[in-house]
Colleague: 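What follows is a single structure, and I will ask about it in a moment.
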There are 2 protein chains.
Amino acid sequence: MKLRKITKRKGSEKRRYDDSCGTAHALELIGDRWALLVMRELMLGPRRFSQLRADLPGISANVLAQRLGDLERTGLLERLKLPPPASMQVYGLTRWGYEAEPITQALGRWAARSPHHDPSLRISGVSLLLSFRTLLDRERAKGLDAVVGFRFGEDVYRGHLTERGIEIAREDPGDADVVFAGSVASLGAAVHGGVPLAALVREGRLAVEGDRKLAERFTRLFPLPEKISDRQRARAEVR
Amino acid sequence: MKLRKITKRKGSEKRRYDDSCGTAHALELIGDRWALLVMRELMLGPRRFSQLRADLPGISANVLAQRLGDLERTGLLERLKLPPPASMQVYGLTRWGYEAEPITQALGRWAARSPHHDPSLRISGVSLLLSFRTLLDRERAKGLDAVVGFRFGEDVYRGHLTERGIEIAREDPGDADVVFAGSVASLGAAVHGGVPLAALVREGRLAVEGDRKLAERFTRLFPLPEKISDRQRARAEVR
DNA sequence: CGGCATCCGGGAAGATACTG
DNA sequence: CAGTATCTTCCCGGATGCCG
């Protein structure tokens with residue numbers, strides 16, 4: 001007697017919060033599992049289906065396809081067809097989609113203080129580069145104006161760094177003052193893990209082309225926020 | 001015959017993203033359905049179980065209980081016992097929990113521009129008051145320094161409004177310059193819905209005690225951001 | 001092979017009933 | 001009032017298969 005309903009899939013009536021609050025509406029738009037991480041991976045430019053799967057190990061193909069469909073339907077993302085001869089299909093954020101970056105930043109900044117955070121897990125190239133945008137210490141970047149390149153396998157990025165921020169795009173860093181080449185994990189170790197750049201270079205895990213002094217300085221520009229102490233986890237004062 | 005208890009608590013392995021990115025970790029902490037809305041309702045001070053159920057129509061008792069348990073376990077929330085004679089149990093955020101407010105703000109600000117947003121749905125008192133913190137137009141609040149009170153049934157709030165922001169707590173507004181009393185929906189209509197305050201007062205939906213001129217000005221201090229236009233939903237420029 | 005559609009098992013969310 | 005127990009529904013994740 002397993003006469004399962006013929007999967008009504010009718011109006012694709014998703015679960016709603018029925019709450020006029022903006023936060024609730026946002027969660028209806030991007031609160032599904034993986035949705036915001038898919039958007040994060042598109043924050044530095046369009047990606048293909050298979051690239052997204054590689055960026056997000058753990059997401060299954062059908063969930064990714066469904067998220068891409070949902071996000072496209074709500075206007076946060078769109079399918080693009082690159083011009084021939086490469087004529088492949090990619091997924092890119094719309095302008096509105098890009099405007100969600102403050103959300104990922106707020107989440108990241110907050111969670112970076114979590115005592116449960118495990119920094120040993122893998123990190124995607126986009127995540128690491130976005131963390132630079134989030135964590136740049138303007139004080140330490142005083143007076144800087146440099147072009148920095150990154151090569152993670154096939155993916156190349158170009159960043160323009162000043163004391164006002166760092167703009168990063170997926171394009172060739174031909175004019176870079178310094179270029180980091182190697183694995184994402186290695187650059188992450190240098191910048192967030194406190195591993196000396198010289199050691200990574202010596203072990204061949206990371207290559208630095210160009211201004212070595214600038215590279216050293218670069219690794220110290222993005223300090224992680226302090227962890228939450230037990231005291232701060234205890235009762236909050238009456239406000 | 002009910003021998004199905006076997007599964008119990010095996011790994012208690014929640015689904016993980018296995019991603020070192022802060023955004024992903026944040027989603028593991030507060031990405032479950034309803035979790036962030038529960039926290040939002042606690043942002044202005046502790047609440048009881050039944051109050052939360054009333055604030056969040058649609059959440060079921062078991063999901064609320066589970067979220068409260070999860071959030072307590074991760075250190076975002078704690079059970080408090082009010083002193084006798086009222087000795088009842090309430091749930092309050094820890095200091096770290098309060099620090100999630102920028103997240104709800106970023107989400108709210110972003111989603112307020114959504115073309116799919118339905119402002120006719122109900123809104124909780126806390127949501128409305130938090131929207132004031134998020135949306136205050138400092139320019140229009142120039143020179144202000146006022147105490148504003150709110151009475152929504154049993155819940156009373158006191159806000160201190162200056163051009164630098166508005167601080168709100170759940171306490172008696174004895175010294176308020178002006179007090180709004182009535183339904184949350186009515187105050188929302190006045191502030192975000194463009195309904196003239198005078199009309200609401202005339203119809204008895206909202207009472208204003210104290211400085212009426214200040215009340216009028218208050219309703220115009222929190223403009224909603226512009227909606228996304230079709231143009232902005234279209235392809236983003238190459239960045 | 002990239003980009004899905006489909007089927008299935010497990011588990012989370014939702015609704016309701018029940019208990020101290 | 002503050003939850004727990006139980007049942008149903010539906011989403012997530014994995015596997016497989018189709019189709020250009």
Side-chain angles (χ1 to χ4, degrees), chain A residues 1-19 24 27-28 31-38 46-73 77-82 86-91 154, chain B residues 1-19 27-28 30-38 46-72 77 79-82 86-91 154:
Chain A
M1 290 313 270
K2 300 308 272 285
L3 282 191
R4 320 270 294 160
K5 283 283 181 63
I6 309 294
T7 58
K8 269 302 238 193
R9 197 49 59 191
K10 195 198 79 175
S12 78
E13 303 224 355
K14 292 183 51 175
R15 290 172 179 162
R16 309 198 170 262
Y17 288 113
D18 286 327
D19 189 322
L27 292 174
E28 287 177 342
D32 281 342
R33 193 164 159 76
W34 292 107
L36 198 54
L37 298 184
V38 170
R47 299 288 264 168
R48 321 180 40 170
F49 192 92
S50 53
Q51 291 176 318
L52 289 170
R53 280 197 77 177
D55 295 334
L56 300 168
I59 196 172
S60 61
N62 55 6
V63 170
L64 176 55
Q66 189 178 324
R67 290 298 167 273
L68 292 172
D70 293 344
L71 294 172
E72 183 184 19
R73 224 164 294 122
L77 172 153
E78 60 188 347
R79 261 162 246 255
L80 308 172
K81 194 159 200 105
L82 293 192
S87 59
M88 44 160 99
Q89 184 175 272
V90 295
Y91 299 87
E154 298 291 297
Chain B
M1 302 299 271
K2 305 303 209 36
L3 294 187
R4 49 178 55 231
K5 294 285 258 189
I6 313 165
T7 66
K8 275 310 96 176
R9 269 309 115 191
K10 191 202 74 177
S12 79
E13 302 221 358
K14 286 186 56 176
R15 290 171 179 164
R16 307 195 173 266
Y17 289 113
D18 286 327
D19 189 322
L27 292 174
E28 287 176 343
I30 54 174
D32 281 342
R33 194 164 158 76
W34 292 107
L36 199 54
L37 298 184
V38 169
R47 301 230 92 190
R48 325 178 37 169
F49 193 92
S50 55
Q51 291 176 318
L52 289 170
R53 280 195 76 175
D55 294 334
L56 300 167
I59 196 172
S60 62
N62 52 10
V63 171
L64 177 56
Q66 190 179 326
R67 290 299 166 272
L68 291 172
D70 292 344
L71 294 172
E72 183 184 18
L77 171 153
R79 261 163 244 256
L80 307 171
K81 195 163 201 100
L82 293 191
S87 59
M88 45 160 97
Q89 183 174 270
V90 295
Y91 297 88
E154 297 292 296

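Every chain is numbered from 1, with letters handed out A, B, ... down the list of sequences. Note that these values count all heavy atoms, side chains included, but never hydrogens, waters or copies made by symmetry.
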Colleague: For a quick test of reading the model, state the closest non-hydrogen atom pair linking E78(A) to E72(A) and the distance between them.
Modeller: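 Residues E78(A) and E72(A), closest heavy atoms: CA-CG, 4.4 Å.
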Colleague: Give the rounded distance in Å between these two atoms: NZ of K81(A) and C1' of dG3(C).
Modeller: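 Value for this atom pair: 11 Å.
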Colleague: Once you round it to whole Å, what is the distance between P of dC11(D) and CG of D32(A)?
Modeller: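 Atom CG in D32(A) sits about 9 Å away from atom P in dC11(D).
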Colleague: Let me know the distance between CG of L64(A) and P of dG13(D), rounded to the nearest Å.
Modeller: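 Checked: the CG to P distance equals 12 Å.
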Colleague: Taking only side-chain N and O atoms of W34(B), does any of them lie within less than 4.0 angstrom of OP1 or OP2 on dG14(C)?
Modeller: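 Answer yes for this pair, as a side-chain N or O of W34(B) is under 4.0 Å from OP1 or OP2.
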Colleague: Figure out the CZ/C1' separation between R33(A) and dG13(D), and round it to whole Å.
Modeller: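 It is 9 Å, rounded to the nearest whole Å.
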Colleague: Report yes if a side-chain nitrogen or oxygen of R67(B) is closer than 4.0 Å to either non-bridging phosphate oxygen (OP1 or OP2) of dA13(C); otherwise report no.
Modeller: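 Yes, such a contact exists.
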Colleague: Among residues 48-61 of chain A, which residues get a heavy atom nearer than 4.0 Å to DNA chain D?
Modeller: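 Residues of residues 48-61 of chain A under 4.0 Å from DNA chain D: G58(A), S60(A).
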Colleague: Distance check needed: dG13(D) C1' versus D18(B) CG, whole Å only.
Modeller: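 That distance rounds to 14 Å.
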Colleague: Side chain of V63(A): nearest nucleotide among dC12(D), dC11(D), dT4(D)?
Modeller: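 So the side chain of V63(A) is nearest to dC12(D).
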Colleague: Looking at R79(B), I'd like to know whether one of its side-chain N or O atoms comes within less than 4.0 Å of OP1 or OP2 on dG3(D).
Modeller: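 Answer yes for this pair, as a side-chain N or O of R79(B) is under 4.0 Å from OP1 or OP2.
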Colleague: Taking atom CZ of R15(A) and atom CG of D32(A), what is their separation to the nearest 0.5 Å?
Modeller: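 So the gap between those two atoms works out to 9.5 Å.
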Colleague: When you measure from the side-chain N and O atoms of Y91(B) to the phosphate of dG3(D), is any distance below 4.0 Å, counting only OP1 and OP2?
Modeller: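 The answer is yes; a side-chain N or O of Y91(B) sits under 4.0 Å from OP1 or OP2.
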Colleague: Are the side chains of I59(B) and L37(B) in contact, using a 4.5 Å heavy-atom criterion?
Modeller: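 Contact flag for L37(B)/I59(B) side chains = no.
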Colleague: CG of D70(A) versus C1' of dA5(C): gap in Å, rounded?
Modeller: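 Checked: the CG to C1' distance equals 15 Å.
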Colleague: What is the minimum heavy-atom distance between R67(B) and R33(B), and which atoms define it?
Modeller: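 Scanning both residues completely, I find the closest heavy atoms to be NE-O, 2.8 Å.
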Colleague: Is any side-chain N or O of N62(A) under 3.5 Å from a base N or O of dG14(D), one able to act as donor and the other as acceptor?
Modeller: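 A donor-acceptor contact between them is present.
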Colleague: In whole Å, what is the span from the CD atom of E72(B) to the C1' atom of dG3(D)?
Modeller: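 One finds 14 Å between C1' of dG3(D) and CD of E72(B), rounded.
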Colleague: Quick one: CH2 on W34(B) to CG on D70(B), what's the gap to the nearest 0.5 Å?
Modeller: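 Rounded to the nearest 0.5 Å, the CH2-CG separation comes out at 15.5 Å.
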Colleague: Please work out which of the three classes, parallel, tilted or perpendicular, describes the rings of Y91(B) and F49(B), given edges at 30° and 60°.
Modeller: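 Plane angle between 30° and 60°, so tilted.
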Colleague: Calculate the interatomic distance between L68(A) atom CG and dC12(D) atom P; express it in whole Å.
Modeller: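 After rounding, the gap between these two atoms is 14 Å.
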Colleague: Just by modelled atom types, is the Y17(B) backbone N or O under 3.5 Å from a matching donor or acceptor in the E28(B) side chain?
Modeller: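 Yes, E28(B) side chain to Y17(B) backbone: donor-acceptor pair under 3.5 Å.
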Colleague: Tell me whether the side-chain N/O atoms of Q66(A) come closer than 4.0 Å to OP1 or OP2 in dG13(D).
Modeller: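 Checking dG13(D) against Q66(A), no side-chain N or O comes under 4.0 Å of OP1 or OP2.
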